Amino acid sequence: MRSLRSWTYVSAAALALVAALLGAPFTAPAAATAARPAFPHDPARSALERLLPDHASQFTLVPVSRPPTGDYFTVSGITGRVRVEGTSPAVILSGVNWYLKHTAKVDIGWPGDSVTMLPDILPAPEPVRKDASVPHRFALNDTDDGYSGAYRTWAAYERQIDLLALSGVNEVFVQMGADAVSYETFQEYGYSPEELRAWIPGPAHQPWWLMQNLSGFADPVSRQLLDQRAALGRRIADRLRNLGMTPVLPGYFGTVPPGFTARNPGGPVIPQGRWVGFDRPDWLDPRSAVFPEVAAAFYRHQRRMFGASTMYKMDLLHEGGRAGDVPLEEAGKAVMHALQTAHPDATWVLLGWQDNPSTRIIDAVDKSRLLIVDGLSDRYDELDREAAWHGAPYAFGTIPNFGGHTSIGANTAVWATRFEQWRSKPNSALKGIAYLPEGTGGNPVAFELFTELAWRTGPLDHRAWFAEYAGRRYGEADPHASTAWELLRTGPYSTPSGTWSESQDSLFTARPALTAVASARWSPRSMRYDAATVQKALTELLRVAPGPRSTDAYRFDLVDVARQALANRSRTLLPRIKAAYDAKDVPLFRARAAEWKNDLALLDRLLATDTRFLLGPWLAEARSWGATEAERTTAEFDARSILTTWGPRHGSDTGGLHDYANREWSGLVADFYAVRWTRYLDSLDTALVTGQAPVPIDWYAMENAWNEQRTTYPVTRAGDPVALATEVRDALSPTRSLPAR
C-alpha cells in the first residue's frame with residue numbers, strides 16, 4: 001500500500017510568494033505567523049510512526065501554545081489528510097487517538113488493537129476540539145514496576161509511554177533506577193557498596209522498599225544491575241519529557257539503611273517495626289540536622305542521573321509506619337522544605353490510601369504545592385475529599401487491579417457519574433484523574449474509559465460509551481460483539497462501590513482448601529457480578545464475523561473472556577467438591593476432582609494461545625538482565641517469588657502475602673497451581689479411602705521449591721484461540737453432565 005503523504009509545514013513566506021504571483025491578497029494563518037512552533041513535534045511524529053507505520057504520513061501534526069485554560073487538541077482535515085493540533089506532543093497523540101476511535105473506528109488498546117482494519121486512505125474527520133477538563137492526568141501505582149514487570153525492556157516501556165500519551169496522560173510515576181540514587185547517596189554516610197547492595201531488594205520487590213515497607217529480599221543486587229536500571233530510568237524520564245509529559249520521581253522522606261545513627265550521630269532514627277512479616281527500614285528524624293543534608297544529597301544524585309522534575313511522589317509512614325515522638329506537622333514541613341530547597345515550586349504527590357495523607361501534614365505545608373492521587377475514589381461511598389483533605393488539590397483515582405490479577409472488571413459505572421459530580425460541585429478541589437492499578441496490561445476497556453474522562457465534561461453515558469467501544473474494538477461493527485460488550489458492561493464492568501474496586505480473583509489460583517473463597521488474602525470473598533454475563537459474552541464473541549476475528553484485539557479479548565468464564569466456574573465447582581468430600585462419597589468426589597483437574601489443564605492450554613498470558617516472557621526478561629549465571633538465577637527467583645510466595649516464610653504465611661499477585665498464565669497454571677491442587681485433592685482422596693485425616697502439606701516449602709527451579713517456558717504462543725475458547729464454552733454448557741456416581 002502506498003499511503004498519501006501530506007506536508008507537515010508550509011512556510012508563510014512560501015504562501016505569500018504564491019499569492020503575489022497570483023495577484024491575490026495573503027493573510028498568514030495563525031500557525032504560520034509564529035517564528036517557530038510552540039514545541040518540536042518530532043517526538044509525536046516518531047510515536048505515530050511506531051504506532052501506525054502505514055498511515056502516519058497521512059497525519060499533519062501541528063504544535064500550538066498552551067493557553068491559560070489548559071491543554072487542548074483539535075482534529076480537522078480531509079480524506080487522506082488528517083490535521084491534529086495540540087498543546088504538547090502527547091496531547092497531539094491524544095488527538096490522533098480521538099480521531100482513530102471516533103472517526104476511523106479502530107482501537108489501540110492496552111493491550112490489543114484493531115489497526116489492521118484501517119483503510120488504506122484514512123476517512124475525513126469531523127472537525128472537533130477537545131479541552132482537558134482537568135490539568136493533572138496521572139498514571140501508575142507505586143507498585144507498578146513490581147507487578148507489571150520489573151525486568152521489562154526498553155521496548156516494553158516505550159510501548160507503555162506511547163499508549164499513555166495516546167490516552168491523554170501527562171504525569172507518569174517513574175521509579176526505575178531509584179535504587180541507584182540511594183546507592184550513591186548513602187555511600188556518603190558511611191556505608192560500603194557491598195552493604196548497600198545487600199540492603200536494596202531485587203527489582204520486583206523494590207516498590208515496597210521505596211514505600212519503606214521492607215529491604216534486602218532476593219539477595220544482593222549487582223552493580224551492573226544498578227547501572228542498567230539507572231540508564232533505563234533516564235531513558236524513560238527523557239522520553240516522557242520529550243513528549244511534554246512529566247516524569248514523577250520518588251522524593252526523599254527519610255528512609256535510611258540499618259545502623260544509621262551509629263555512623264551519623266546527628267541523625268536519630270525512629271524504628272518502623274514490621275510490615276506483614278517484613279522488618280521495615282528505619283526513618284530518619286526529619287527534625288534532625290542530618291535530614292536536610294541527606295535529602296540534599298539524594299536530590300543531587302537524582303538530578304544528575306535523571307534530570308529534574310516538577311513533581312515528586314512520596315508518602316510518610318505508609319501502611320502502619322510509626323511516627324514515634326515526631327510531630328507529623330514538623331515532619332511534613334521538613335520534607336517539604338527539603339524538596340523545595342532542591343526543586344523550588346515542585347509539587348509533592350501523595351497517595352490517598354487508608355488514613356494517608358494525614359491532615360496534620362496537609363495543614364502544615366503550602367497546599368498549592370500538593371497533589372493527592374486518590375486510590376479510593378470509586379471504592380467507598382459517602383466520600384467528601386474536600387472535607388477530608390481540607391481543600392488540598394486531588395485527583396479522582398481508581399485501583400481496579402491488585403497484584404496484577406488477570407481478573408476482568410471494574411467499577412466503571414461509578415466512574416461515569418462520580419467523576420463529573422465531584423469535578424463540578426461548588427468549591428471542588430478535584431484537579432485531575434489518577435489511573436492507579438497495581439499491575440497494568442489488563443482490562444483495556446477500563447483504562448480507555450477512565451482516561452477519557454479527562455477529555456469530557458458532563459456525565460458519561462455508560463451504555464452508549466460501551467456500545468461505541470464495541471463498534472471499534474475489532475475495527476468493524478458486529479452485532480455479536482455489541483451483544484458481548486453489553487453483557488460485559490452489565491456484569492464485570494458495572495460492579496458497585498461500597499467495598500471493593502476490583503473483581504474477585506480465581507479459586508484455581510488459591511492455596512488449596514475446600515473452604516477457599518479467595519486466592520489473595522485481601523481480595524473479594526465472593527462474586528461481584530452475575531457470572532452468566534461472562535459466559536454468555538463468550539458465546540457471543542465466538543459468533544463474531546471473520547473480519548473482526550482477524551484483529552489482535554479480538555484474539556486477546558476472546559482468550560481473556562474465556563479464561564474468566566472458566567475461572568468463575570471455580571466458585572461453583574469447589575463447593576460441590578467439598579459437599580462430596582463431606583458426604584464421604586468417593587465416586588462423586590473423584591468425578592468432581594477430575595473435573596477440577598481437567599478445567600485447570602484446559603485453562604493452561606487456552607492461555608498458551610496468547611503471548612500476553614504466558615509465564616515464559618516474564619522469566620526470560622528477568623534472566624536477560626543478568627551478566628552472570630548467578631545474577632540470572634537471582635533475578636529469576638525474584639521474578640518467580642513475587643507471583644507465588646511473595647516473600648520469605650514469615651511474610652508469605654504469617655503475613656498472608658502468598659498468592660497476592662496470583663494470575664492465570666500458561667506455565668504458571670500447569671506447573672504451579674495445578675500441581676498444588678492435584679497434590680491436595682489426591683491427599684483428600686487417600687483420606688476418604690483410609691478413613692484417616694489428610695496428611696498436612698507444607699505449602700510454603702512446596703511453593704518456594706518452584707521459585708528455585710529454572711525450568712524454561714515457551715515465549716511464543718501455541719494453539720488456536722478460537723478452538724480453545726470453543727472448548728471452554730462447551731465445557732461450561734449446562735447440558736454437560738457429570739460422570740455417574
Side-chain angles (χ1 to χ4, degrees), residues 38-40 43 63 65-72 86-91 94 132 134-142 144 161 164-165 168-178 181 210 230 233-253 292 295-316 332-352 357 361-362 365-374 392-395 397 429-436 454:
F39 50 83
S65 297
R66 180 184 292 109
T69 51
D71 285 320
Y72 76 92
T87 50
S88 76
V91 171
S94 302
V134 286
H136 297 287
R137 303 180 297 278
F138 183 97
L140 302 187
N141 198 299
D142 297 74
D144 183 68
I161 293 168
L164 291 171
V169 169
N170 66 346
E171 298 159 357
V172 181
F173 185 49
V174 179
Q175 57 185 289
M176 175 63 71
V181 177
L210 289 173
R234 180 63 188 243
R235 197 172 184 182
I236 292 167
D238 283 347
R239 174 59 59 81
L240 291 170
R241 292 186 185 99
N242 290 341
L243 286 167
M245 305 163 78
T246 300
V248 182
L249 302 177
Y252 186 73
F253 58 94
F298 178 93
Y299 288 121
R300 169 167 42 85
H301 287 293
Q302 186 182 62
R303 182 192 293 267
R304 173 177 58 82
M305 294 181 187
F306 305 108
S309 183
T310 57
M311 302 183 76
Y312 292 82
K313 171 78 175 64
M314 50 186 160
D315 295 285
L316 278 62
K333 287 179 180 178
V335 170
M336 179 65 93
H337 180 73
L339 174 60
Q340 297 297 325
T341 299
H343 301 285
D345 299 324
T347 296
W348 177 359
V349 182
L350 305 102
L351 176 64
I361 293 175
I362 292 172
V365 302
D366 180 357
K367 291 186 180 67
S368 70
R369 301 261 60 90
L370 297 179
L371 176 67
I372 303 167
V373 290
D374 185 13
Y394 71 96
L430 191 157
K431 302 300 179 186
I433 62 168
Y435 187 67
L436 303 169

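The structure displayed is predicted, hence computed values, not measured ones.
Panel note: side chain Arg137, backbone Ala132; no donor-acceptor pair is recorded below 3.5 Å. Under a 3.5 Å cut-off, the side chain of Asn242 and the backbone N or O of Pro43 do not form any donor-acceptor pair. Under a 3.5 Å cut-off, the side chain of Ser94 and the backbone N or O of Gly168 do form a donor-acceptor pair. Checked by atom type and distance alone, the side chain of Gln340 pairs as donor or acceptor with a backbone atom of Asp345 at under 3.5 Å. Using modelled atom types, one side-chain atom of Ser309 and one backbone atom of Met311 make a donor-acceptor pair closer than 3.5 Å.
Contact of the Ile372 side chain with the Pro357 side chain is registered, since non-hydrogen atoms from C-beta on lie closer than 4.5 Å. Pro250 is listed as a side-chain neighbour of Gln302, based on a closest heavy-atom distance under 4.5 Å. Looking at Leu436 and Leu351, their side chains come closer than 4.5 Å, going by heavy atoms from C-beta outward. Using a 4.5 Å cut-off on side-chain heavy atoms (C-beta onward), Arg303 and His343 make contact. Side-chain contact check for Phe173 versus Val373: every heavy-atom pair is 4.5 Å or farther apart. For the pair Val349/Tyr312, no side-chain contact is recorded, criterion being any heavy-atom separation below 4.5 Å from C-beta on. In this structure the side chain of Thr87 reaches within 4.5 angstrom of the side chain of Tyr72, judged on heavy atoms. Residues Arg369 and Thr347 form a side-chain contact, since some pair of their non-hydrogen atoms from C-beta on lies under 4.5 Å apart.
The nearest pair of heavy atoms linking Arg234 to Met305 is CD-O, 3.0 Å. For Glu171 against Pro135, the heavy-atom pair with the smallest separation is OE2-O, 4.2 Å. Summarising the geometry of Ala429 relative to Ala392, their closest heavy-atom pair is CB-O, 3.5 Å, with the distance given to 0.1 Å. Closest of all the heavy-atom pairs between Leu371 and Ala395 is CD1-N, 4.1 Å.
Residues satisfying the side chain to side chain contact (heavy atoms under 4.5 Å, CB included) criterion with Met314, sequence neighbours excluded, are Phe253, Tyr299, Val335, Leu339, Trp348. For the side chain to side chain donor-acceptor pair (under 3.5 Å) test, no residue two or more places apart in sequence or in another chain qualifies with Ser88. Applying the side chain to side chain contact (heavy atoms under 4.5 Å, CB included) criterion to Arg235, with sequence neighbours excluded, gives Trp154.
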>> Pair Val248, Phe138 - check side chain to side chain contact (heavy atoms under 4.5 Å, CB included), show working.
In response: CA-CA 9 Å; Val248 182; Phe138 183 97; 3.8 Å; yes
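Distance CG/Leu249 to OG1/Thr310: 9.0 Å, rounded to 0.5 Å. Considering CD1 of Ile433 and CG of Asn170, their distance stands at 8.5 Å, rounded to 0.5 Å. Residue Arg66 holds its CZ atom at 8.0 Å from CZ of Phe39, rounded to the nearest 0.5 Å. In this structure, CG in Leu140 is found 9.0 Å from CD in Gln175, a value given to the nearest 0.5 Å. Atom CE of residue Met176 and atom CG of residue Asp144 lie 10.0 Å apart, to the nearest 0.5 angstrom. Considering CG of Leu350 and CG of Leu370, their distance stands at 6.0 Å, rounded to 0.5 Å.
Atom NZ of Lys367 has more than 12 heavy atoms from other residues, nucleotides or ligands within 6.0 Å.
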